[in-house]
Structures are given as C-alpha cells and as structure tokens.
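The structure under discussion appears below in the form of structure tokens.
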Amino acid sequence: MSNASGRYTKSRHCVYNISYHLIWCPKYRRPVLIDGVDKRLKELLNEKAAELDIRIESMEVMPDHVHMFVKSNPIIPVHHIVSQFKGYSSRVLRDEFPWLRSRLPSLWTHSYYCETIGYISEDTIVKYIEDQKKV
C-alpha cells in the first residue's frame with residue numbers, strides 16, 4: 001500500500017522506496033523496435049509488470065533500446081525483473097513478428113544497465129526518459 005505522496009510503499013514488514021532506471025538493447029543494437037513492435041513491446045512490458053506487482057513510472061521504446069523507470073519491492077532482485085521483462089517480451093514478439101527471428105539470433109543482448117534511483121532524482125529520470133522521443 002502506497003502513502004499519499006506515492007513515495008513510500010508499506011508492506012507487512014517494511015516501508016520501502018525501491019526504484020530502478022533500466023536500459024537494454026536488441027542484439028547488435030539493431031533498430032528493430034519499430035513498425036508496431038514498439039507499441040506491442042510496451043503492452044507486453046505493462047502486462048509483465050502487473051504480473052510481478054511492479055509499477056512502471058515511465059517507459060520509452062526507442063528503435064534500438066528501451067528505457068524504463070520502475071518501482072519494485074525489496075524481495076524481487078533486479079536481475080529477475082529484467083530477465084522476466086526480456087524473456088517474456090522476446091518470446092511473444094518473435095512469435096508475433098516473424099521477421100525479428102530472421103534478422104536476429106535472439107531479440108535482446110544478455111546485458112542491461114541498471115541504476116538505483118533516489119527520491120531527489122526521480123523527476124530528473126522521468127523527464128530524461130520522456131524527452132527521449134523528442135530528440
């Protein structure tokens with residue numbers, strides 16, 4: 001349950017504010033997140049976030065990378081969050097868009113970027129992600 005400002009979340013045993021800025025890219029950083037793939041990817045990531053009880057604060061899909069600002073709880077390791085997002089979206093997108101299979105041996109690289117975000121810099125990260133499409 002979140003407090004009125006949305007900054008903290010309270011569970012049975014703790015109060016927390018766990019936020020991550022996540023970035024990952026398609027294999028070889030190919031610009032394949034286009035022509036409907038981008039829109040479908042956002043839907044899939046929202047589905048998986050709801051399943052994991054993770055809140056997506058901000059998300060932008062660029063042709064060759066994904067930016068997300070998410071809030072999680074302390075029992076879910078960040079590597080699990082990213083692997084769930086990447087694994088689920090790869091499986092569905094490669095089924096729904098067969099041309100992705102012919103262009104790439106796998107949809108995503110094995111690596112990703114993760115940064116923990118404190119309350120002070122939340123607005124900065126959200127603005128940065130939202131401004132990605134404006135560049």
Side-chain angles (χ1 to χ4, degrees):
M1 174 188 295
S2 294
N3 67 341
S5 72
R7 181 173 178 189
Y8 300 108
T9 304
K10 182 179 178 182
S11 73
R12 188 169 170 208
H13 300 287
C14 67
V15 176
Y16 56 90
N17 178 22
I18 310 282
S19 304
Y20 302 110
H21 178 201
L22 306 172
I23 304 171
W24 67 86
C25 306
K27 193 84 165 172
Y28 313 123
R29 197 146 186 182
R30 291 232 173 99
V32 296
L33 306 176
I34 55 171
D35 299 332
V37 174
D38 48 348
K39 183 180 178 193
R40 184 64 174 131
L41 175 58
K42 284 183 177 184
E43 293 169 356
L44 295 170
L45 294 173
N46 279 310
E47 286 174 16
K48 184 52 75 171
E51 180 185 312
L52 296 170
D53 197 25
I54 293 170
R55 196 165 74 226
I56 298 175
E57 295 291 318
S58 187
M59 171 176 33
E60 209 49 79
V61 176
M62 306 302 292
D64 66 349
H65 64 285
V66 177
H67 280 274
M68 293 182 76
F69 176 45
V70 301
K71 288 189 177 263
S72 181
N73 67 56
I75 62 167
I76 305 175
V78 69
H79 70 85
H80 180 73
I81 295 168
V82 175
S83 82
Q84 289 291 301
F85 282 151
K86 289 168 70 173
Y88 177 63
S89 61
S90 177
R91 190 168 43 260
V92 175
L93 289 174
R94 288 165 61 87
D95 283 344
E96 294 180 5
F97 299 89
W99 60 269
L100 288 172
R101 286 195 308 268
S102 65
R103 296 239 5 234
L104 298 166
S106 61
L107 181 57
W108 305 116
T109 62
H110 292 289
S111 61
Y112 62 93
Y113 171 82
C114 173
E115 180 176 9
T116 56
I117 305 301
Y119 181 71
I120 302 298
S121 59
E122 282 185 11
D123 290 340
T124 304
I125 295 298
V126 169
K127 183 171 176 8
Y128 172 75
I129 291 172
E130 289 171 350
D131 289 344
Q132 286 295 300
K133 284 284 190 181
K134 297 175 187 170
V135 177

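None of these values were measured; they are calculated from a predicted model.
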- Query: Hey, is CG on D95 packed in by over 12 heavy atoms from elsewhere, all under 6.0 Å?
  - Reply: yes

- Task: With the side chain counted from C-beta on, respond yes when P26 and L33 share a heavy-atom pair under 4.5 Å apart, and no when they do not.
- Result: yes

Show me the side-chain donor-acceptor pairs of residues 78-87 shorter than 3.5 Å, one per line, residues at least two apart or across chains.
unit_1, atom_1, unit_2, atom_2, d
S83, OG, H79, O, 3.4
S83, OG, H80, O, 3.2
Q84, OE1, K48, NZ, 3.3
K86, NZ, T109, O, 2.7
K86, NZ, S111, O, 3.0

- Has the side chain of R40 got a donor or acceptor atom that lies under 3.5 Å from a matching backbone atom of V92? no

- From Y112 atom OH to I23 atom CD1, the distance as rounded to the nearest 0.5 Å: 12.5 Å

- Task: Check whether any side-chain heavy atom of D35 sits under 4.5 Å from a side-chain heavy atom of F97, and report yes or no.
- Result: no

- Message: For S106 versus K27, what's the shortest heavy-atom pair and its separation?
- Response: O-CB, 3.3 Å

- Residue pairs involving residues 40-78 (criterion ring pair (Phe, Tyr, Trp, His ring centres under 6.0 Å); sequence neighbours excluded): H21-H67, H65-H67, H67-Y128

- Item | Euclidean distance, R55 CZ relative to S19 OG, rounded to 0.5 Å | 8.0 Å

- Message: Working to the nearest 0.5 angstrom, can you tell me the gap between E57 CD and I125 CD1?
- Response: 12.5 Å

- Message: Less than 4.5 Å apart, side chain to side chain, heavy atoms only: is that true for V32 and V37?
- Response: no

- Same apolar cluster (I L V M F W Y, side chains within < 4.5 Å links), V61/W99: yes

- Check: Y20 and T116 side chains under 4.5 Å, non-hydrogen atoms: yes

- Atom pair NZ (K71) and CD1 (I56), whose distance is rounded to the nearest 0.5 Å: 13.5 Å

- Message: Assigning hydrophobic clusters by single linkage (Ile, Leu, Val, Met, Phe, Trp, Tyr; side-chain heavy-atom cutoff under 4.5 Å), is L52 placed with M59?
- Response: yes

- Message: Quick check: closest heavy atoms across S72 and Y16, and the distance to 0.1 Å?
- Response: O-CE1, 3.3 Å

- Message: For V15 versus K10, what's the shortest heavy-atom pair and its separation?
- Response: CG2-CG, 4.1 Å

- Item | 4.5 Å side-chain heavy-atom contact, R91 and L107 | no

- Note on the structure: Between I75 and N73, the two heavy atoms sitting closest are CG1-OD1, 2.8 Å

- Roughly how far, to the nearest 0.5 Å, is CG of L100 from CG of L93? 6.5 Å

- Interatomic spacing from CG in D53 to CD1 in I76 - rounded to 0.5 Å: 7.0 Å

- Query: Is there a donor in the side chain of Y88 and an acceptor in the side chain of E47, or the other way round, less than 3.5 Å apart?
  - Reply: yes

- Note on the structure: Heavy atoms of L41 and S89 approach each other most closely as CD1-CB, 3.5 Å

